[in-house]
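Before any comments, here is the structure.
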Amino acid sequence: GMDWRTKAGYGCVAFSLALLHNIFLLYHVDAYINVFKISNSGFWVAEMIFLLYNSVNDLIWGMVADRKNSSDDNDNDNDNGNGSSNGSEGNGNFVSKRVTKEMLQKRIFNCWVGGMGLVGSFALIWFPFMSNYLAVQFCINLVVYDSFLTWIELNFSALLADLTLDSVQRSSLTMWGSVFTIFGCGSIFVSFMAWNSGDFEDFQRLAIGLAAISGVGFTLGFLLLRGKDGHHKTDQSDARNSYANNNNKATTISGDKSNKGIRSMMGNAIASPQSVASVWYNNFTHLVWGRNFFWFSLIQLLQVFNCHFNSNFVPMALTVFLHGHISKSSQSLLLFLSFALPHVNIVFFSSLVKVKGIYVVIMILLVTKSIVSGSMFLSGMGSPLLIAIFIASNRIFTEGTCKLVGLVISDLVDEDYVRNKRPHALSAFVFGSVNFISKPGQSLAPIFGSYVMSVFAPGFLFKVQNTKKSIGDGDAYKDILGGMDTGAEEEGAKVLFLLVTLVPFVCGVVQVLFWLRYKLTGAKLKMIKMAAAGDELLHKMV
């Protein structure tokens, strides 16, 4: 299996990501609306521009990350990382190599580069250097930050698929990532205590400090992971030994007519940019029309929407529903737990995945989310304690699903590699393609929530009159409620309650229906795994 350095390095990257991105999700909307005072129209225009960019950048960056993996050029190398030949064999036949050592090292380096860019772009978000053109800065910040975030997320997610074929080891990596992410969530507790929309300097200093710590974490993760060649020294070595002893079972790709066409097309693509675009278009269409990929992408679209809706509106819900009932430090602790507990549960869920499989575990999470949200909606908003429990538990099941989807996409990477006869696994491209369909939910969530609040509770989110109370008293949302009469405040609370209960309920019910259509499970999944390891007979069967 993998040594502790690989697992710890993977965890360090997860820690550094969580340290920054949770803060971004929680506060970037609040900062620009309530601290920097962006206009209503400016906010929506910036979010819409970002939505358009966000709809295509994952696919583009996925192509860039895997641009060399889509051809078989790397198979002409003489060294495969463990001493065996990797070139053409006999009558032009060659042994397919799922992930080379060079590919894996490049993936690790990409994570570090993306991490450093993420650190810098994160720090700039909290300083309004274009106060006269705030909407322009907001848009630029979103695009730059998300570009680095996308680059590191795609390469980091691809590591899960590239480091090993084994589902148990992938579950173990997921568990290590979650353990380190729990520590990264500590930034939430500290940030909530430092947040003050009237005196922003403490939060700005905290943001710089978190960025510095994250930079150290990315660098440490890079150093720990560097030089590791993943499953080429573990699970693939056994497969290669079997090739030497059983020539009739060796994975020869050149004998497959469809793959000849793909290889020829890849060769021609080198000379023509138009051909390159055609290759990637074919790669994408072959992938997206696969039954399992199609249904999972729709599930993930709803999941991303649900997760980002929670991140943007849970802090507001905490203040609106629990203000006056529990102290701010208790609210901070509750918010921290709502982010950290999903990762604690991943330790349990990862063990359950090893026994029951990822399909069953995700079904349990989706059904539970639907039941909990529906029950809270029926119970009403009379009990602050019940609302507090719901907010924490809802995030556990919603975010828990988000943290496990990497295992599903890794299985889709294996399926794509086998079904489409890829010379190498296009891990980042598959993750990027899923995000191409699903990630617009990240922008749609705040747009949808803000629109509903502004229509049904005018003045609750975007103020239509000057506030009568000072915003420098440390209450994160007093500037929202200030200057509003009790009736408007109560109406806003009702609309917010409906949103935070019905959004996860509707998403969960639809996701369950879609998940029933997903069939890459059980014996079918095992066949894909064996085919990915190089069994020619099974390769033809699936």
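The first residue of the sequence shown is numbered 1, and numbering continues consecutively from there. Hydrogens, waters and symmetry mates are skipped; everything else that's a heavy atom, side chains included, is used.
- Within a 6.0 Å radius of CZ in Phe129, more than 12 heavy atoms belonging to other residues, nucleotides or ligands are found.
- When all heavy atoms of Leu118 and Phe218 are compared, the pair lying nearest together is CD2-CZ, 4.2 Å.
- Shown here for Ser373 and Asn394, the closest heavy-atom pair between the two residues is OG-OD1, 3.6 Å.
- At distances below 3.5 Å, not a single donor-acceptor pair connects side-chain atoms of Asn435 with backbone N or O atoms of Asp58.
- Residues forming a side-chain contact (heavy atoms from CB on, under 4.5 Å) with Phe305 (at least two apart in sequence, or on another chain): Leu444, Ala445, Phe448, Val503, Cys507.
- Residue Trp44 holds its CH2 atom at 3.5 Å from OG of Ser454, rounded to the nearest 0.5 Å.
- Considering all non-hydrogen atoms of both residues, Phe122 and Ala207 come closest at CE2-O, 3.6 Å.
- Counting only distance, with no hydrogens or angles, the side chain of Ser16 and the backbone of Val13 share no donor-acceptor pair below 3.5 Å.
- Sorted by first and then second residue, the side-chain hydrogen bond (donor to acceptor under 3.5 Å, both in side chains) pairs with a member in residues 206-217 form an empty list; sequence neighbours excluded.
- The backbone N or O of Ser278 sits less than 3.5 Å from a side-chain atom of Asn282, completing a donor-acceptor pair.
- A distance-only check finds a donor-acceptor pair linking the side chain of Asn155 to the backbone of Trp151 [under 3.5 Å].
- Not a single ring-ring contact (aromatic ring centres under 6.0 Å, His included) links Phe189 to another residue, sequence neighbours left out.
- Electrostatic pairing of Lys106 and Asp162 does not count as a salt bridge here, judged by no charged N lying under 4.0 Å from a carboxylate O.
- Using a distance-only test at 3.5 Å, with no hydrogens or angles considered, no donor-acceptor pair links the side chain of Thr181 to the main chain of Gly184.
- A search for side chain to side chain donor-acceptor pair (under 3.5 Å) contacts involving Ser191 returns Tyr27, not counting sequence neighbours.
- Judged by distance alone, the side chain of Trp195 and the main-chain N or O of Phe203 form no donor-acceptor pair under 3.5 Å.
- Residues satisfying the disulfide (SG to SG under 2.5 Å) criterion with Cys139, sequence neighbours excluded, are absent altogether.
- For the disulfide (SG to SG under 2.5 Å) test, residues two or more places apart in sequence or in another chain that qualify with Cys307 are Cys402.
- Screening Leu59, Ile60, Val288 for a side-chain contact (heavy atoms from CB on, under 4.5 Å) involving Phe436 leaves a single residue, Leu59.
- Listed by chain and residue number, nothing satisfies the ring-ring contact (aromatic ring centres under 6.0 Å, His included) test with Phe431 (two or more places apart in sequence, or in another chain).
- In this structure, the side chain of Thr501 does not engage the main chain of Phe377 through any donor-acceptor pair within 3.5 Å.
- Atom CG of Leu20 is separated from atom CD1 of Ile152 by 9.0 Å, given to the nearest 0.5 angstrom.
- Among residues at least two apart or in separate chains, side-chain hydrogen bond (donor to acceptor under 3.5 Å, both in side chains) pairs with a member in residues 137-147 are His21-Tyr145, Tyr32-Gln137, Tyr32-Asn141, Tyr53-Ser147, Asn57-Asp146, Asp146-Thr150, Asp146-Lys439.
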Next on the checklist: Using side-chain contact (heavy atoms from CB on, under 4.5 Å), reason through Leu159 and Leu225 one step at a time and then give a plain yes or no.
Outcome noted: CA-CA 10 Å; Leu159 274 179; Leu225 287 169; 4.1 Å; yes
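- Residues Phe313 and Phe309 bring their aromatic ring centres within 6.0 Å.
- For residues 290-301, the pairs satisfying side-chain hydrogen bond (donor to acceptor under 3.5 Å, both in side chains) are Asn292-Glu415, with sequence neighbours left out.
- Residues forming a salt bridge (Lys or Arg N to Asp or Glu O under 4.0 Å) with Asp411 (at least two apart in sequence, or on another chain): Arg170, Lys529.
- Applying the side chain to side chain donor-acceptor pair (under 3.5 Å) test to Gln511 and every residue at least two apart in sequence or in another chain returns Gln303, Lys369.
- Contacts of Arg517 classified as salt bridge (Lys or Arg N to Asp or Glu O under 4.0 Å), with partners at least two apart in sequence or in another chain: none.
- Between the side chain of Asn110 and the backbone N or O of Ala65, no donor-acceptor pair lies under 3.5 Å.
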